[in-house]
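Comments concern the structure below.
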There are 2 protein chains.
Amino acid sequence: MRQAESDLVRALPLFENVSEKHFDELMSTAFLQRFPRGVTLIREGDLPDFLHIVVEGTVELFASHDSHETALDILEPVTTFILAAVIRDDVYLKSARTLTPAQILMIPAPAVRNAFDRDAAFARALVNELAVRYRCVVRSLKNEKLRNSAERLANWLLQEEAHQGNNRRVSLEIDKRTLASRLGMTPENLSRNLAQLSKHGVSKSGADLAIDDIAALRQFAKPNSLIDQ
Amino acid sequence: MRQAESDLVRALPLFENVSEKHFDELMSTAFLQRFPRGVTLIREGDLPDFLHIVVEGTVELFASHDSHETALDILEPVTTFILAAVIRDDVYLKSARTLTPAQILMIPAPAVRNAFDRDAAFARALVNELAVRYRCVVRSLKNEKLRNSAERLANWLLQEEAHQGNNRRVSLEIDKRTLASRLGMTPENLSRNLAQLSKHGVSKSGADLAIDDIAALRQFAKPNSLIDQ
DNA sequence: TTGGGGGATTGATTATTATCAATTGGCAGC
DNA sequence: GCTGCCAATTGATAATAATCAATCCCCCAA
């Protein structure tokens, strides 16, 4: 692994206060791998071999049931995933695939559990990381149960606008099929909901979207700090 | 706190390997309180003062948005709640209320964070507990996104039947209004879905339910070990 | 025993969402 | 430039779920 990549990982909150020794031990067993777009990295139901960290590219977490599939999360660098399965040494509840060419750091699960037992700072950071992840899922669940699909889209737009620099433009970096699944709707309804939002300050400018009247969009979306962000 | 109650808490996986000293310290600042039915214990948006543990009775975790409310979980003894908020020292994302008269053990949040820093076994147990909770929410999210309301009810019935002793009977211990909310449907649709399930091996016997043909119910419910349990 | 009262059920209607089908619209490769 | 392909859109319809309204059914108190 190159120095730049190692530094990137070192800067993760997860490793922030871990001793140099333990960090080096973790990294010595880890490896960084490149994957093309569309590769399934893990499959729900399998047992965890590695803790995964997205270093570059985009990864989709999804789950299937009865010939249906839904996107549960879309991860960007630098994010860990399947931490809970690694800690519990229990089967994955989600699958993961690359949405773009990606670089993934993989740390053998036993090494993670070992470092956890020996490094108090790492243990503390793991708890914190898990707590953050836990709260993210709770937000997603509230989003699903308390909003309809148009509201979910509107709030996603508001979040993306902020994430992409508050310049009233949102470029769609993932394909609409995946976005629809992430937002809990069909691609058809994503189209229709997007068309509906033209009544609430959103317009299409080519492949991207523009928020012409963010106050109107906010009024429709009713963003809530205990659901979004 | 009485010895019997202290023993109950001591037996929680969360405290299993914690040193006697640290456990006693935690308990010395904790207190056990009785609440009548229908009391709001915590309110989403507030900052956490205590880690809560249901020692007796039933507690509903719920959230509100735009004059709607949804039940996110229903807790029975012995379960901790709002652990993630305590660890992060961040606002609650859920509210909690008693559904029955209940006994709640409350441990001051700073004491929890303090014990976490000083007792490795406690830290390990906390991570494990959080990982378990995390996986529960992921299951809930999958349940919501991958099943319709009748399927959610059918699977809930199967789980309750197992939980209540595999005797093909399920007694409704929480009121239907709350159950409907928990299952992500209106009380009206809970009624209708229950009526529909008579086609799939379920019958009403007074206030309780009977599963006359569990194979038929399973065929309809399509239980999935990566969603249920 | 007899009324209330509140939850539960049922019915009718509307809203939301999914599905299926047809069409459009880019865009890569020729 | 064409052509074909695939995603995106649009339309029509069906399935699912929420809402509103009207009973019904218990259980409890007088």
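Lettering of chains follows the sequences in order, A, B, ..., and the numbering in each one begins at 1.
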Worksheet entry | Spacing between L172(A) atom CG and dA7(D) atom C1', to the nearest angstrom | 13 Å

Worksheet item: Residues in salt bridge (charged side-chain N to carboxylate O under 4.0 Å, His left out) with R168(B), at least two apart?
Response: E161(B)

Discussion item. For R97(A) and E69(A): C-alpha separation, side-chain torsions, deciding distance, then whether salt bridge (charged side-chain N to carboxylate O under 4.0 Å, His left out) applies.
Written reply: CA-CA 13 Å; R97(A) 71 165 71 94; E69(A) 180 184 308; 3.1 Å; yes

Discussion item. Would you say H68(B) places a side-chain N or O within less than 4.0 Å of OP1 or OP2 belonging to dT19(D)?
Written reply: yes

Worksheet item: Which residue pairs pass the ring-ring contact (aromatic ring centres under 6.0 Å, His included) test when at least one of the two sits in residues 185-213 of chain A, sequence neighbours left out?
Response: H200(A)-F220(A)

Worksheet item: About how many Å separate CD1 of I104(B) and CD1 of I53(B), when rounded to the nearest 0.5 Å?
Response: 9.5 Å

Worksheet item: Which letter, B, S or -, goes with each nucleotide of nucleotides 9-16 of chain C from 5' to 3', with contact meaning a protein heavy atom under 4.0 Å?
Response: SBBB---S

Worksheet item: More than 12 foreign heavy atoms under 6.0 Å from CD of Q219(B): is that the case here?
Response: no

Worksheet item: Tell me: CG of N193(B) to C1' of dA18(D), nearest whole Å?
Response: 12 Å

Worksheet item: Rounded to the nearest 0.5 Å, how far apart are CG of N167(A) and CZ of R169(A)?
Response: 7.0 Å

Practice prompt. Starting from P on dT9(D), measure out to CD on Q196(A) and report it in whole angstrom.
Written response: 14 Å

Worksheet item: Where along nucleotides 24-29 of chain D does protein come under 4.0 Å, by heavy atom, of base (B) or sugar-phosphate alone (S), with - for untouched nucleotides?
Response: ------

Worksheet item: Could you give the CZ-to-C1' distance, from R147(B) to dA15(D), as a whole number of Å?
Response: 19 Å

Discussion item. Assess the residue pair E129(A) and R133(A) against the criterion (salt bridge (charged side-chain N to carboxylate O under 4.0 Å, His left out)); give the C-alpha distance rounded to whole Å, side-chain angles, the decisive distance to 0.1 Å, and a yes or no.
Written reply: CA-CA 6 Å; E129(A) 172 79 5; R133(A) 294 260 162 280; 3.0 Å; yes

Worksheet item: Step by step, would you call S149(B) with E151(B) a side-chain hydrogen bond (donor to acceptor under 3.5 Å, both in side chains)?
Response: CA-CA 5 Å; S149(B) 62; E151(B) 290 170 338; over 6 Å; no

Fill in: Value in whole Å for how far the P atom of dA18(C) lies from CD of E144(B)
13 Å

Worksheet, complete the sentence: Rounding to the nearest 10°, end axes of the helix from dT1(C)-dA30(D) to dC30(C)-dG1(D) built from five pairs each make an angle of 30°

Worksheet item: Hey, are the side chains of Q33(A) and M106(A) touching, using non-hydrogen atoms and a 4.5 Å cut-off?
Response: yes

Fill in: Distance in angstrom units between R152(B) CZ and dA18(D) C1', rounded
13 Å

Discussion item. Set out, in order, the CA-CA distance, both residues' side-chain angles and the distance that settles salt bridge (charged side-chain N to carboxylate O under 4.0 Å, His left out) for D73(B) and K94(B), then state yes or no.
Written reply: CA-CA 10 Å; D73(B) 212 347; K94(B) 311 169 186 170; 5.8 Å; no

Please tabulate, one pair per line, all N/O donor-acceptor pairs under 3.5 Å involving side-chain atoms of residues 139-147 of chain A, not counting sequence neighbours.
unit_1	atom_1	unit_2	atom_2	d
R139(A)	NH1	S225(A)	O	2.8
R139(A)	NH1	D228(A)	O	2.7
S140(A)	OG	C136(A)	O	3.3
K142(A)	NZ	L226(A)	O	2.9
K142(A)	NZ	E44(B)	OE1	2.9
K142(A)	NZ	L93(B)	O	2.7
N143(A)	OD1	R147(A)	NH1	2.9
K145(A)	NZ	T70(B)	OG1	3.1
K145(A)	NZ	A71(B)	O	2.8
K145(A)	NZ	S181(B)	O	3.0
K145(A)	NZ	R182(B)	O	3.2
R147(A)	NH1	D228(A)	OD1	2.7
R147(A)	NH2	K222(A)	O	3.3
R147(A)	NH2	D228(A)	OD1	3.4
R147(A)	NH2	D228(A)	OD2	3.0

